[in-house]
Amino acid sequence: MAPRWLFLRVATDEGVTGWGEPVADTAVGTILRCRIDPLSGDLLSSPETFARLRDDEGSPDGMTVDAEGCLWVALWGAGAVRRYQPDGRLLHTLAVPAPHPTSVCLPPDGNRLFVTTARYGVTNLTATSGAVLSFPVPVRGTAGRSWRGRL
């Protein structure tokens with residue numbers, strides 16, 4: 001069985017989080033990934049850059065992987081969600097009617113993308129700040145799994 005990718009999220013105040021689920025280095029606008037063994041869950045590589053955003057593109061925040069292996073990323077400060085191919089190529093940008101999307105969710109039983117947005121501490125509020133939004137998308141999510149590997 002071929003190795004799979006694990007996406008990592010590093011936040012300035014949270015440390016390393018989300019091992020075993022898709023997650024980005026928000027502070028510097030970089031999404032990292034590591035190879036993992038699909039059977040044991042053990043890490044097979046050091047983190048490498050998957051995608052890097054410019055300052056004017058927002059900061060990567062919550063992420064998820066769809067049934068086609070593509071990565072969906074909420075872009076804090078950009079009012080958008082991006083979908084990337086497994087090789088890092090940008091497929092689509094979805095505009096969100098709130099300036100600070102925080103996370104994304106794709107249930108395995110429907111073609112809907114759920115996006116959470118920030119309200120607390122946000123100065124440029126919109127009617128959808130602090131909401132959970134729903135958008136039709138052409139793909140389903142995958143069932144959640146726990147990571148049982150070793151660091």
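Position 1 is the first residue of the sequence; numbering continues from there.
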Working to the nearest 0.5 Å, report the span between [atom1] of [X] and [atom2] of [Y].
X	Y	atom1	atom2	result
Thr64	Trp72	OG1	CH2	10.0 Å
Arg83	Leu113	CZ	CG	10.5 Å
Leu71	Phe50	CG	CZ	5.0 Å
Asp61	Leu75	CG	CG	9.0 Å
Thr49	Ile31	OG1	CD1	10.0 Å

| query | Side chains of Asp66 and Thr142: does their closest heavy-atom pair fall under 4.5 Å? | reply | no
| Within the distance-only criterion (no hydrogens, no angle test), does the side chain of His100 pair as donor or acceptor with the backbone N or O of Trp76 below 3.5 angstrom? | no
| Under 3.5 Å, is there a donor-acceptor pair between the side chain of Thr126 and the main chain of Thr128? | yes
At their closest point, which heavy atom of [X] faces which heavy atom of [Y], and how far apart are they?
X	Y	answer
Val73	Pro60	CG1-CB, 3.7 Å
Ala98	Thr117	CB-CG2, 3.7 Å
Ala67	Val139	N-CG2, 4.2 Å
Cys70	Pro86	SG-CD, 4.0 Å
Val115	Pro101	CG1-CB, 3.8 Å
Leu125	Arg119	CD2-O, 3.6 Å

| Heavy-atom neighbours of Arg52 CZ exceed 12 at 6.0 Å | no
| query | Taking atom CG of Asp55 as the centre, does the number of heavy atoms from other residues, nucleotides or ligands within less than 6.0 Å exceed 12? | reply | no
| task | Could you list the residues that satisfy side-chain hydrogen bond (donor to acceptor under 3.5 Å, both in side chains) with Arg54, not counting sequence neighbours? | result | Asp56
| message | Hydrophobic clusters here meaning ILVMFWY residues chained together by side-chain heavy-atom distances under 4.5 Å, can you tell me if Val96 and Phe114 are in one? | response | no
| said: For residues Leu91 and Val65: do they belong to one hydrophobic cluster (side chain heavy atoms under 4.5 Å, members Ile, Leu, Val, Met, Phe, Trp, Tyr)? | reply: no
| Using 4.0 Å as the upper bound for N to carboxylate O, is an ion pair formed by Arg140 and Glu68? | no
Donor-acceptor pairs under 3.5 angstrom involving side-chain atoms of residues 102-110: please list them, not counting sequence neighbours.
residue, atom, partner, partner atom, Å
Thr102, OG1, Thr116, O, 3.2
Thr102, OG1, Thr116, OG1, 2.5

